[in-house]
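One-based numbering, in listed order, for ligands and for the atoms of each.
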Amino acid sequence: MARTRVLIDTDPGVDDAVALLLALASPELDVVGVVAVNGNVSLDKTALNARRIVALAGRDDVPVCAGCARPLSEPVIEDSLVHGHDGLGDLEWNDPAVALDARDGVDFIAEMIDQGPLTIVAIGPLTNLAVLLQRYPGIEGRVEHVVIMGGASLQGNVTPAAEFNIWADPEAARVVFDANWRITLMPLDLTHQAFLDDDDLAYFSDLGTEVGRRTAAMLEPYAQFHERWYGTRDVIMHDAMAVYELLDPHAITKQGVRLAVEVGGVHSRGATFIDRRREHAQSEVRVGVRVDNDRFRSLLRQRLATYAD
Ligand code: RIB
Ligand code: CA
C-alpha cells in the first residue's frame, strides 16, 4: 500500500487528540511530524498536549514541534475552556516521554516539504500555515494537499457567523485560502454529521488499554460541554474528519468550491464564504459535504482498538 506522508498541524484539544490517535494508528499514513499552534489553549499547553498524545500512542519516532504562539490577527484569544483548562479534559498526566523537538514548527514544516511529497492536515487555527507561506514564498507549489478542519457554510460555533479555527486567526485563513494549492475543507456542516455517543465512550473504556481509558476520560467532559451547548452528549468529531478523508477518500462526499473569509466585520469576523456555484465544480479546492457516521465510528473503533499497552 502506498502510504501518504502527513504532517499534522494542531491545537490539542480533545477532538484533536482523537484525530491524532486515529492518524497514528492508521497504516495508510506516514505521520512525519506534529506541529502545535496557539488555539484552543495557549501554545505551551497545545505543545505539551501534542507530546502527551504522541507519547500515549507510543510513537516517540514522531517529532513534535511548537509553531506560532500568536495569531496574525489581533486580538490574541483567551484560552477556551471547551476542552478544559489544560486543553485535554484536565486529566492527570505524567511528564510525556516525547520531548519537544527544538526546531521551529514552521521551519520544520518547510523541512518536511523539502524531503518529499507532503499532505498537511490542519486542525487548528491556520497561523502556522500562513507564516509558512509568508516565510517561504512559493512553497505552496511543492505541497501535495492541505486538508483543513474549519469554516462553516451557514451557522458558526464560536459566533453565529464563524467557526473557531477560522475566527481565531481570520487573517491567516485568508492567506491560506488565497494561496494556489490543493485544499480540502471540512466545515462544521460536514463535521456535525460525525459524532460519538455514550456507547462509543463505553466501548473505548472497555478496551482495557491506556489509550481506551484516556480517550473515554477526555471525551467525558467534552460530552458534558456538548450537552450544555447543543442539548445532547453526542461528541462532534470535527478534527477526525480531516484525517478520515485521507484514510478513505470516497467516504466523504465533496464538491469543488471557491473559498473566501471575512477578516473584519463587527458580527462577521471569521465568517467563511463557500461558493458552491457550478463554475467551481472542477476546482482543486473542495469542501466536504456528506459523511456516513456509522462507517466513520466503526473505523475509529477498529483503529483505536489496535493500540496495546
Ligand atoms: O470548531 C471546531 C474546531 O475548533 C476544532 O478544531 C476544535 O479542536 C476547535 O479547535
Ligand atoms: Ca482543533
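- The pair Asp199-Arg301 does not meet the salt-bridge criterion, since no charged nitrogen lies less than 4.0 angstrom from a carboxylate oxygen.
- Its N, O or S atom nearest to the Ca ion (ligand 2) is what matters here, and for Asp11 that atom is OD1.
- Contact annotation: for Asp239 versus ligand 1, heavy atoms closer than 4.0 Å belong to the side chain alone.
- Between Leu196 and Phe204, the closest side-chain pair of non-hydrogen atoms falls below 4.5 Å.
- For atom 9 (C) of ligand 1, the closest non-hydrogen atom of the protein is Asn40 OD1, 3.3 Å.
- Between Phe225 and Tyr222, the ring planes are parallel. Angles under 30° get that label, and only those over 60° would be called perpendicular.
- Taking a cutoff of 4.0 Å between a charged side-chain nitrogen and a carboxylate oxygen, Asp114 and Arg142 qualify as a salt bridge.
- The distance from the Ca ion (ligand 2) to the nearest N/O/S atom of Ile123 is under 3.0 Å.
- For ligand 1, the atoms sitting less than 4.0 Å from at least one non-hydrogen atom of His238 are 2 (C), numbered in the order shown with element in parentheses.
- Atom numbering of ligand 1 starts at 1 in the shown order; those under 4.0 Å from a heavy atom of Asp16 are 8 (O).
- Applying the 4.0 Å criterion to heavy atoms of Phe164 picks out, from ligand 1, the atoms 1 (O), 4 (O), 9 (C), 10 (O).
- Between Asp15 and ligand 1, at least one pair of N/O atoms sits closer than 3.5 Å.
- Residues Arg233 and Glu220 are paired through a salt bridge, judged by an N-O separation under 4.0 Å between the basic side chain and the carboxylate.
- The atoms of ligand 1 that sit less than 4.0 Å from any heavy atom of Met149 are 2 (C), 3 (C), 5 (C), 6 (O).
- Taking the ring centroids of His238 and Phe164, they lie at or beyond the 6.0 Å cut-off.
- The part of Asn157 lying near ligand 1 is the side chain, judged by heavy-atom distances below 4.0 Å.
- Put simply, the side chain of Asp15 never gets that close to the backbone of Ile236: no donor and acceptor are under 3.5 Å apart.
- Residues Tyr307 and Met237 fall within the same hydrophobic cluster, defined by Ile, Leu, Val, Met, Phe, Trp and Tyr side chains chained together at heavy-atom separations under 4.5 Å.
- At least one N or O atom of Ile123, backbone or side chain, sits closer than 3.5 Å to an N or O atom of ligand 1.
- Considering backbone and side-chain atoms together, Asp11 places an N or O closer than 3.5 Å to an N or O of ligand 1.
- In terms of heavy-atom proximity, Val121 sits nearest to Ala242 at CG1-CB, 3.8 Å.
- Looking at Arg303 and Asp248, no side-chain N of the basic residue comes within less than 4.0 Å of a carboxylate O on the acidic one, giving no salt bridge.
- Protein heavy atom in closest approach to atom 3 (C) of ligand 1: Glu163 OE2, 3.3 Å.
- With a cut-off of 3.0 Å, the Ca ion (ligand 2) has an N, O or S atom of Asp239 in range.
- Proximity of Val82 to ligand 1, defined as any heavy-atom pair under 4.0 Å, is not found for any part of the residue.
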